[in-house]
Amino acid sequence: TSNTRPSIMAARKGLALLTVTVASAAALVSRVFVSDLDAELALSARTCRHNRIANPPLSGYPDTYYSRTSEEKPLQCAPLSADASVSADVCVIGGGYAGLHTALSLRERGKTVTLLEADQVGYHASGRNGGMVMAGYATDITDIEDEVGDAKVASQMYDDSVQGVKTVERRISQYAIRCDKKHNGYLLVSPFADRLEEYAELSQHLNGLLRTADPDSLSRPEGRFRVVPREELRRMIKSVGHYFGLYYPHGFSVNPLALSIGLGRALIEQGGKLFEHTCASGVSEAHESASHGRKFEVSTTTGGKVNADHVVFCSNVAHPGASKPFFPLASVPVHTYVCVTEPLTEEQRANFPEDLLVCDDVFALNYYRLLNDGRLLWGGLCQTYSLDLNDAGDILQGKITEFFPQLEGTKLDSVWGGTMGFARHHMPMIGRLQAKRLLPMASTNTTGLWYAHGFAGHGLNTTAMAGNILADAIVDGDTSKVENFERNYPLCYSGWPFGPLGAQLSYNWFQLRDWWDLRRRT
């Protein structure tokens, strides 16, 4: 009997995955283009039985746990007026993390900066994600080394990601951003017992990289990567089916919406200009008579204009604005969902590590963490088509009880979703735009157009990293790190308009593969 029940459960899960795959293909054939997820979520949130937190959401923001609990309040920046003509060294398009960190990095180094945001800062993916800040990338460092073909360059890219973590941490402290910063590390857990040796080698390799990226970290036991054996893991996490873990020293969590608003506030306090509800609609070479001597003119949907010597495109895949010629072609829009439970009892909280972020290593990953108010945040559902929030909540609730049966019956207090942009090569895209791609009439030597895009799945460090890299290039003329990304991970065609279909089928295929591998090993 003990062997029969797992087999029946595995068979049911496999059948469910096959059903989802067929349903996904059918749905995507009829919905190849990006759906208006925000409108669907707003409608779904009104009838979602899982949204039970008493506090109202922040004015103008989607209904999420973050917008109902944020200590940072909306900036309420006015849009750029129709008759305005603003001059700045740099115009940054997009008020998510990439745009906010880039603008702040430039302002901290003395550049005049104007940032344009089509909605409110942090409105899209930056204010709705899992709130996890950690070093590295979604792609394993060993795979990056193989793809780059130069261990020194790969090591530099890892070092840059560590500096991104430190930048986020510094800014939270320096600008007194109230974003519920918590946790002291990140734990990757695995249901695959035969990966232990692989992770032991990876741990040693990552500690080797720390000698350059963060040598001080190696002097502290908690500052090293290490494998967490099964016995210790069971004391830390009372989950079903995890054999061991890999501890990452650089990691903490935040309320991502509060962090976004706090970064916007910091930019204003440092003298930067920020216009919300101002969508950049186009970029052209500036007319000398009305450009304040600047190279580019950015037009907006409000009628106002920004003249600048540099333009940095940091818009989200769900709202490309002036970046329409290339961003939708460079990344696949993926809808992801997150939930938060009701406050757990002390006995229930004992199932989870108090000070660690946790993620598993299956392709369709699950990530979770305890919040400051005793609730559990859980994410990991990705689709290229949208789901009703009631359905998304039911699926996530099922995942929680699959790994933690002792939490069966625990209610959800909040469910939400958002759209992220995934690059085909699964790495951030940072670089310079050829002026001819955006401005057909531009002279061949026109420079000053930059981009930072495709940060989904990497944690919040890579956007701060991108801001540092672009500031090095624009302020100091040091383009070496930009060239690392341009050369190895450029803007690449995502297969649009059929990219979402391919991505969803690939996603379901890897889910089936993980299911089969787990079944074969048990």
Are [X] and [Y] ion-paired here, with the side-chain N under 4.0 Å from a carboxylate O?
X	Y	result
Arg265	Glu269	yes
Arg375	Glu342	no
Glu169	Lys181	yes
Lys295	Asp309	no
Asp355	Arg369	no

Query raised in the report: Do Tyr199 and Phe244 have their ring centres less than 6.0 Å from each other?
Result: yes
Query raised in the report: With a 6.0 Å cut-off on ring centres, are Phe225 and His205 close enough?
Result: no
I'd like to check [X] versus [Y] (side-chain heavy atoms, cut-off strictly below 4.5 Å). Are they in contact?
X	Y	result
Leu344	Thr410	yes
Asp361	Phe192	yes
Leu187	Leu233	yes
Asn461	Tyr137	no
Trp416	Tyr337	no
Tyr97	Asn129	yes

Query - Tyr247 versus Asn184, closest heavy-atom pair with distance - result: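 Nearest pair, atom of Tyr247 first, then Asn184: OH-O, 3.2 Å.
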Query raised in the report: Nearest heavy-atom pair of Cys339 and Val415: which atoms, and what distance?
Result: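 Answer, listing the atom of Cys339 first, then Val415: CB-CG2, 4.0 Å.
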With no hydrogens and no angle check, is any side-chain donor or acceptor of [X] less than 3.5 Å from a backbone partner on [Y]?
X	Y	answer
Asp478	Ser480	yes
Asn488	Asn484	yes
Arg107	Gln270	yes
Asp360	Asn366	yes
Arg128	Gly417	yes
Asn255	Ala258	yes

Report task. Give the C-alpha distance, both sets of side-chain angles, the deciding distance and a yes or no for side-chain contact (heavy atoms from CB on, under 4.5 Å) between His101 and Leu104. Result -> CA-CA 5 Å; His101 279 298; Leu104 198 48; 5.6 Å; no
Query raised in the report: Quick one: is the NZ or CZ of Arg171 closer than 6.0 Å to the six-membered ring centre of Tyr175, and within 45° of its axis?
Result: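 Geometry flag: not set, cation outside 6.0 Å or 45°.
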**Report entry** Tyr248 six-ring face occupied by Arg226 cation (under 6.0 Å, within 45°)
**Finding:**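 That pair does not qualify as a cation-pi contact.
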Requested in this report: Go through Glu486 and Arg432 one step at a time and tell me if the side-chain contact (heavy atoms from CB on, under 4.5 Å) criterion holds.
Outcome: CA-CA 8 Å; Glu486 286 179 327; Arg432 295 162 288 192; 2.6 Å; yes
Requested in this report: Just say parallel, tilted or perpendicular for the rings of Phe485 and Tyr489, cut-offs at 30° and 60°.
Outcome: tilted
Report task. Indicate the ring-plane relationship of Phe352 and Tyr368, choosing parallel, tilted or perpendicular according to the 30° and 60° boundaries. Result -> perpendicular
Report task. Take His335 and Thr419 through the test side chain to side chain donor-acceptor pair (under 3.5 Å) and record every step on the way to the result. Result -> CA-CA 5 Å; His335 306 320; Thr419 305; 3.1 Å; yes
Query raised in the report: Taking it one step at a time, do Tyr61 and Val121 satisfy side-chain contact (heavy atoms from CB on, under 4.5 Å)?
Result: CA-CA 10 Å; Tyr61 282 96; Val121 295; 3.8 Å; yes
Requested in this report: Just do the side chain to side chain donor-acceptor pair (under 3.5 Å) check on Gln406 and Asn351 with the steps written out, would you?
Outcome: CA-CA 9 Å; Gln406 59 272 42; Asn351 291 293; 2.8 Å; yes
Requested in this report: Kindly determine whether Arg68 and Thr64 satisfy side-chain contact (heavy atoms from CB on, under 4.5 Å), including the steps that lead there.
Outcome: CA-CA 6 Å; Arg68 287 178 178 263; Thr64 69; over 6 Å; no
Query raised in the report: Would Asp89 and Thr112 satisfy side chain to side chain donor-acceptor pair (under 3.5 Å), going step by step from the backbone distance to the final call?
Result: CA-CA 5 Å; Asp89 294 329; Thr112 57; 3.1 Å; yes
